[in-house]
Number of protein chains: 2
Amino acid sequence: MRADAQRNIDTLLQTAMAVFATSGVDAPVREIAEKAGVGVGTIYRHFPQRSDLIAAVLRREIDACADAALVLAAEHEPGEALARWMLRYVDFIATKRGLAKALHSGDPAFDTLPAYFRQRLEPALRALLESAVAAGEVRADVAAEDLLGAVASLCMQAYEKGPDHAKRMVALLVDGLRYRASSAAPFSSRSAD
Amino acid sequence: MRADAQRNIDTLLQTAMAVFATSGVDAPVREIAEKAGVGVGTIYRHFPQRSDLIAAVLRREIDACADAALVLAAEHEPGEALARWMLRYVDFIATKRGLAKALHSGDPAFDTLPAYFRQRLEPALRALLESAVAAGEVRADVAAEDLLGAVASLCMQAYEKGPDHAKRMVALLVDGLRYRASSAAPFSSRSAD
DNA sequence: ATATTAAGCGGAACGTTATTCCGTTTATAC
DNA sequence: GTATAAACGGAATAACGTTCCGCTTAATAT
């Protein structure tokens with residue numbers, strides 16, 4: 001691959017992420033091209049459909065969120081790392097204005113995203129969770145996938161209620177995790193998908 | 001108001017309802033104008049925005065569904081009237097492909113619709129329900145608003161599962177209503193909004 | 001260093017949509 | 001019947017996603 005092509009792809013993903021965060025995923029392709037300093041043709045060369053660009057941005061954001069878990073785990077105590085990553089995850093979800101609708105639009109470009117989401121984020125959270133449990137800082141009876149789903153729901157519900165509401169609810173959840181730390185009850189709460 | 005204007009509005013609402021039912025609410029305005037035998041200008045004279053037409057069609061359908069309750073109550077025994085109206089309500093919900101997304105789009109034309117929905121349908125169902133309860137044909141411990149919500153959820157959930165699934169689930173619900181008729185337990189199950 | 005070339009680029013052009021505008025038609029009041 | 005204001009139709013406009021193609025340039029061979 002030519003160097004300028006790779007450079008443009010990187011610039012585009014960065015620019016598109018910023019534009020999607022402020023204007024939502026319905027932002028015009030022209031606007032992204034303009035802000036990135038490229039022609040629309042360049043976008044369509046690398047992302048044949050508008051939805052391909054959205055999916056690529058999302059995958060990159062999912063990766064970044066998953067990678068953040070490693071960094072936080074290295075820099076903080078297990079419980080603190082877990083708490084910080086939860087807020088990081090809320091930031092990730094919070095900027096996804098209008099994405100839920102796009103996901104359900106039936107566009108095949110989004111077909112593999114839910115699986116990718118789980119594939120990347122579930123192990124990341126599970127690792128944080130297990131460390132915190134091993135350190136006796138949080139209780140052992142909550143599954144990573146349930147936590148991911150619960151927080152996503154909270155963020156969606158809290159969407160109209162302001163930006164802080166979600167963080168407060170999630171903080172509450174994390175406090176709940178800490179409440180019965182080391183209670184060693186081998187009861188795994190599995191529920192939603 | 002001029003007679004032709006009123007005639008066109010009626011024709012438009014009818015045509016739009018049919019088009020929305022088959023092509024979804026995203027059907028082009030031109031298509032509706034063509035099928036109604038009017039120019040697009042005529043549509044925009046009466047419905048300044050595309051969403052205004054959608055909202056008007058919906059209000060009309062809500063009215064028709066509510067009015068059907070009176071007719072059914074006059075023509076059938078209370079229990080039968082209730083059962084038939086429930087299926088009528090399913091028909092109403094079932095043709096609303098893609099409407100949930102439109103409702104949540106933030107378009108101000110839809111702002112008053114949820115309230116209108118409840119205002120018209122809740123009393124209609126409540127009347128049927130109370131008659132059936134008074135006649136000893138169904139149990140007394142289910143609230144009209146819960147029933148409306150439950151059926152709407154069933155229809156949305158059953159959406160991908162085929163057209164009959166919703167009706168079977170709702171029929172099951174109605175049978176459940178009949179199961180403990182006259183059990184006179186003064187327990188009002190209120191839950192979702 | 002230079003020539004070659006294919007990958008990559010920009011943006012004009014196209015197709016499809018919602019929406020506006022205005023010259024023409026027509027229902028209504030007198 | 002005539003006047004006139006309301007209503008009509010559809011061409012024009014605007015905003016979008018997407019395609020296309022002549023020009024530019026990075027990579028490579030010589």
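Each chain gets a letter, A, B and so on, in the order the sequences are listed, and its residues count up from 1. All of these numbers come straight from a predicted model, not from anything done at the bench.
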Checklist entry - Where each residue is assigned the nucleotide of DNA chain C containing its nearest heavy atom, which of B/Arg7 and A/Met1 is assigned the position nearer the 5′ end? => result A/Met1
Identify all side-chain donor-acceptor contacts of residues 76-85 of chain A below 3.5 Å with residues at least two apart in sequence or on another chain.
unit_1, atom_1, unit_2, atom_2, d
A/Glu80, OE2, A/Arg84, NE, 2.7
A/Glu80, OE2, A/Arg84, NH2, 3.4
A/Trp85, NE1, A/Cys65, O, 2.9

Show which side-chain atoms of residues 23-49 of chain B pair as donor or acceptor with protein atoms under 3.5 Å away, not counting sequence neighbours.
unit_1, atom_1, unit_2, atom_2, d
B/Glu31, OE2, B/Lys35, NZ, 3.0

Checklist outcome for this item: Residues at least two apart in sequence or cross-chain that pass side chain to side chain contact (heavy atoms under 4.5 Å, CB included) with B/Asp175, listed by chain then number, are B/Arg178
[X] [atom1] to [N] [atom2], straight-line distance once rounded to whole Å:
X: A/Tyr44; N: D/dC21; atom1: OH; atom2: P; value: 18 Å
X: A/Ile54; N: D/dC16; atom1: CD1; atom2: C1'; value: 14 Å
X: A/Ile32; N: C/dG11; atom1: CD1; atom2: C1'; value: 17 Å
X: A/Asp26; N: C/dA18; atom1: CG; atom2: C1'; value: 15 Å
X: B/Asp52; N: C/dT20; atom1: CG; atom2: P; value: 11 Å
X: A/Arg50; N: C/dT16; atom1: CZ; atom2: P; value: 19 Å
X: B/Leu53; N: C/dA18; atom1: CG; atom2: P; value: 11 Å

Checklist entry - What's the verdict on side-chain contact (heavy atoms from CB on, under 4.5 Å) for B/Val174 and B/Leu87, showing C-alpha distance, side-chain angles and the deciding distance? => result CA-CA 10 Å; B/Val174 173; B/Leu87 295 180; over 6 Å; no
Pairs under 3.5 angstrom, nitrogen or oxygen only, protein versus nucleotides 8-12 of chain D, please.
unit_1, atom_1, unit_2, atom_2, d
D/dC8, OP1, B/Asn8, ND2, 2.3
D/dC8, OP2, B/His46, NE2, 3.0
D/dG9, OP2, B/Gly39, N, 2.9
D/dG9, OP2, B/Thr42, OG1, 2.3
D/dG10, N7, B/Gly41, N, 3.4
D/dG10, O6, B/Gly41, N, 3.2

Item to check | Those residues that, when tested against A/Asp4, pass salt bridge (Lys or Arg N to Asp or Glu O under 4.0 Å) (two or more places apart) | outcome: A/Arg2
Checklist entry - Is there any salt bridge (charged side-chain N to carboxylate O under 4.0 Å, His left out) pair reaching into residues 86-95 of chain B, and which pairs are they, with sequence neighbours excluded? => result B/Asp91-B/Lys167
